[in-house]
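Here is the naming used below: chain letters follow the sequence lines, and residue numbers restart at 1 for every chain. Atoms considered below: every heavy atom in the structure, side chains included; atoms not considered: hydrogens, waters and symmetry mates. Quick caveat, the model's predicted, so the values are computed rather than measured.
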There are 2 protein chains.
Amino acid sequence: MATRGPKRTLTVEKVAATALQLLDDEGPAALSVRGVAAALAVRPNAIYTYVPDRAGLERAVIELVLSQSQLELLEGPARHWRKRIRDYAVSLRALLLDHPGAAMLMMSAPMDSPSALEVGERLLGVLADAGLSPTARARGVWLLIVQVVGSVALDVAETDGRRPLPPEAERVVARRQALSQLDAEVWPRSVAAVDVQASWVTSEQFVWSIDRVLDGLAAAAR
Amino acid sequence: MATRGPKRTLTVEKVAATALQLLDDEGPAALSVRGVAAALAVRPNAIYTYVPDRAGLERAVIELVLSQSQLELLEGPARHWRKRIRDYAVSLRALLLDHPGAAMLMMSAPMDSPSALEVGERLLGVLADAGLSPTARARGVWLLIVQVVGSVALDVAETDGRRPLPPEAERVVARRQALSQLDAEVWPRSVAAVDVQASWVTSEQFVWSIDRVLDGLAAAAR
DNA sequence: ACCTGAACACCGTTCAAGT
DNA sequence: ACCTGAACACCGTTCAAGT
């Protein structure tokens with residue numbers, strides 16, 4: 001079953017790593033089949049030996065990033081189930097914000113990679129510890145995945161996707177500036193809430209949201 | 001202040017409507033500046049009179065779809081705040097699933113269009129009715145937006161984005177089929193939860209998730 | 001089995017020119 | 001003010017050919 005022959009100069013892993021580096025260093029616009037090929041010093045069509053198409057390249061990049069998440073944070077005593085989920089969510093968010101270009105790709109591909117399955121598998125265990133029924137556990141996993149990945153994606157959507165992102169404080173100031181231009185006659189409640197809405201992209205908002213979700217899941221455990 | 005001159009053959013609205021129709025009828029791959037221009041029988045660069053770039057075209061499409069959401073569902077007596085939010089969320093999800101190509105675009109653009117602001121404005125009112133503090137209201141709005149839009153985007157990410165999507169039942173069967181291939185030795189809990197995970201893309205899961213979020217928000221109201 | 005050469009059918013965007 | 005002509009610098013993907 002050896003797949004390594006003398007002619008092979010690349011591997012899927014090397015292709016994915018090169019694509020991620022391109023995305024990290026040069027931004028979303030730089031990610032292309034041809035760009036990856038050039039970085040690897042091969043012709044564009046050589047890439048198709050390793051991925052079926054551009055979407056496959058993107059999936060490989062997503063998997064590479066997701067495989068670096070700190071799953072061990074999901075371990076711990078049953079009574080700490082909230083903290084285990086919160087800590088992992090915060091850690092995963094930090095990882096994705098460190099690869100903003102890859103984070104953008106996550107909402108346009110199925111969440112079915114091996115690492116995504118592993119995250120689901122572990123979360124099922126944590127929600128079992130929380131006392132949820134088998135059905136509620138599985139539904140809760142999806143609720144959490146949507147919230148974490150969706151939240152990061154919408155945060156990154158306000159940036160150019162280049163790494164590193166501007167510091168959080170800077171992004172909040174820019175948002176406050178933009179929001180303060182709103183017409184208070186048209187959107188009075190939004191204008192009154194400018195400071196909080198400016199902070200929608202912060203880790204405080206992220207943790208607050210996750211905590212509300214955890215409250216909702218705790219209620220489902222009776 | 002009249003902006004309409006005798007030479008003008010197009011408007012932003014017409015450009016956006018054409019782009020949406022292209023997206024709806026031909027799928028995500030068909031949406032391009034050149035494609036829209038061709039459909040309008042003008043040269044590609046004529047489009048730049050109406051939108052600054054391709055991202056601007058996408059934002060115009062998003063706004064066109066979002067402007068069609070049934071905001072009136074958010075009205076009603078204070079004690080029905082949960083039902084108002086749930087009904088609106090279900091309705092918005094149906095709208096987005098009816099324009100899957102546009103739904104895909106929503107996670108890669110800032111949520112700052114007039115209609116997005118209007119949704120936030122109304123939700124602030126509903127969460128005030130729910131008894132949440134001003135800060136909790138504003139944080140809750142973002143939690144809800146992330147869950148609703150993120151959920152639809154991840155559902156659509158499993159399809160080719162062509163309209164109409166396969167019926168929900170068909171998508172669930174395909175998911176169950178794929179999930180049932182998993183190795184029970186590697187992902188035992190996931191294999192045990194195949195039926196529920198297959199139904200992650202259903203409206204039942206969507207409503208369940210929203211209800212958990214509403215439970216969490218209700219708890220925040222004390 | 002893997003990579004190359006060459007081509008096809010596209011893109012977004014710019015700038016000067018016309019009206 | 002708005003649209004066109006023409007061009008630039010790219011794309012993803014295919015297929016036959018080489019080794």
Side-chain angles (χ1 to χ4, degrees), chain A residues 1-23 25-62 101 104-105 108-109 157 160-162, chain B residues 1-23 25-62 101-102 104-105 108-109 160-162:
Chain A
M1 281 308 168
T3 55
R4 186 174 289 268
K7 302 289 234 8
R8 168 163 274 191
T9 62
L10 303 175
T11 62
V12 221
E13 290 80 15
K14 191 98 181 81
V15 169
T18 304
L20 178 58
Q21 194 160 22
L22 207 52
L23 203 50
D25 296 347
E26 313 289 339
L31 180 63
S32 66
V33 174
R34 297 179 99 106
V36 171
L40 289 165
V42 296
R43 303 301 139 205
N45 41 6
I47 301 300
Y48 291 90
T49 305
Y50 302 94
V51 294
D53 50 23
R54 195 207 147 103
L57 179 64
E58 294 183 355
R59 276 189 273 106
V61 170
I62 292 168
M104 300 179 82
L105 301 177
S108 50
D160 62 4
R162 304 286 303 266
Chain B
M1 279 310 168
T3 56
R4 185 174 290 269
K7 303 289 233 9
R8 170 163 272 187
T9 62
L10 303 175
T11 62
V12 222
E13 290 78 17
K14 192 96 178 82
V15 169
T18 304
L20 178 58
Q21 194 160 24
L22 208 52
L23 203 50
D25 296 348
E26 313 289 338
L31 180 63
S32 66
V33 173
R34 297 180 99 105
V36 171
L40 288 165
V42 295
R43 302 302 138 206
N45 41 6
I47 301 301
Y48 291 89
T49 303
Y50 303 94
V51 294
D53 51 24
R54 194 207 148 102
L57 179 65
E58 294 182 355
R59 277 188 274 109
V61 170
I62 293 167
M104 299 179 83
L105 302 177
S108 49
D160 62 6
R162 303 285 305 265

| Quick one, which residues of residues 48-56 of chain B touch DNA chain C with a heavy atom under 4.0 Å? |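 Heavy-atom contacts with DNA chain C come from B:Tyr48, B:Asp53, B:Arg54.
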d([atom1], [X]; [atom2], [N]) in whole Å:
X       : N      : atom1 : atom2 : result
B:Ile47 : C:dT14 : CD1   : C1'   : 16 Å
B:Arg34 : D:dC11 : CZ    : P     : 15 Å
A:Leu40 : C:dT4  : CG    : P     : 11 Å
B:Arg43 : C:dT19 : CZ    : C1'   : 16 Å

Say you draw a straight line from [atom1] of [X] to [atom2] of [Y]; how long is it, rounded to the nearest 0.5 Å?
X        : Y       : atom1 : atom2 : result
B:Ser108 : B:Ile62 : OG    : CD1   : 6.0 Å
A:Leu105 : A:Leu23 : CG    : CG    : 6.0 Å
A:Glu13  : A:Thr18 : CD    : OG1   : 11.0 Å

| Result of checking B:Val36, B:Val61, B:Asp25 against B:Leu20 for side chain to side chain contact (heavy atoms under 4.5 Å, CB included) | B:Val61
Going by side chain to side chain contact (heavy atoms under 4.5 Å, CB included), name the residues that satisfy it together with [X], two or more places apart in sequence or in a different chain.
X       : answer
B:Ala60 : B:Ala16
B:Ala30 : B:Leu22, B:Glu26
A:Arg34 : A:Ser32, A:Pro44

When the side chains of residues 47-56 of chain B are checked against the rest of the protein, which donor-acceptor pairs come out under 3.5 Å, sequence neighbours left out?
residue, atom, partner, partner atom, Å
B:Thr49, OG1, B:Ala46, O, 3.2
B:Tyr50, OH, B:Leu10, O, 3.4
B:Asp53, OD1, B:Ala55, N, 3.3
B:Asp53, OD1, B:Gly56, N, 2.9
B:Arg54, NE, B:Glu58, OE2, 2.8
B:Arg54, NH1, B:Leu31, O, 3.1
B:Arg54, NH2, B:Leu31, O, 3.3
B:Arg54, NH2, B:Glu58, OE2, 3.1

| query | Of the candidate nucleotides D:dC3, C:dT4, D:dT13, which contains the atom at the shortest distance from the side chain of B:Leu10? | reply |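 Per side-chain heavy atoms of B:Leu10, the pick is D:dC3.
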| said: Heavy atoms from C-beta onward define the side chain here; which of D:dT13, C:dG12, C:dC3 lies closest to that of A:Ala46? | reply: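 Nearest nucleotide to the side chain: C:dC3.
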| Any B:Ser32 side-chain nitrogen or oxygen under 4.0 Å from OP1 or OP2 of C:dC10 | no
| message | Whether B:Thr9 contacts D:dC2 is assessed here as follows: a side-chain N or O lying under 4.0 Å from the phosphate OP1 or OP2. Is that the case? | response |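 Answer no for this pair, as no side-chain N or O of B:Thr9 is under 4.0 Å from OP1 or OP2.
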| task | For residues A:Arg59 and A:Ala109, report the shortest heavy-atom separation together with the two atoms involved. | result | CG-CB, 4.1 Å
| message | Taking C:dC10 as the reference, what is the distance to D:dA9 when you measure between their P atoms (whole Å, please)? | response | 22 Å
| request: Can you run through DNA chain D from 5' to 3' and write each base as (, ), [, ], | or . depending on how it pairs? Watson-Crick or G-U wobble, both distances under 3.5 Å. | output: ||.|||||...|||||.||
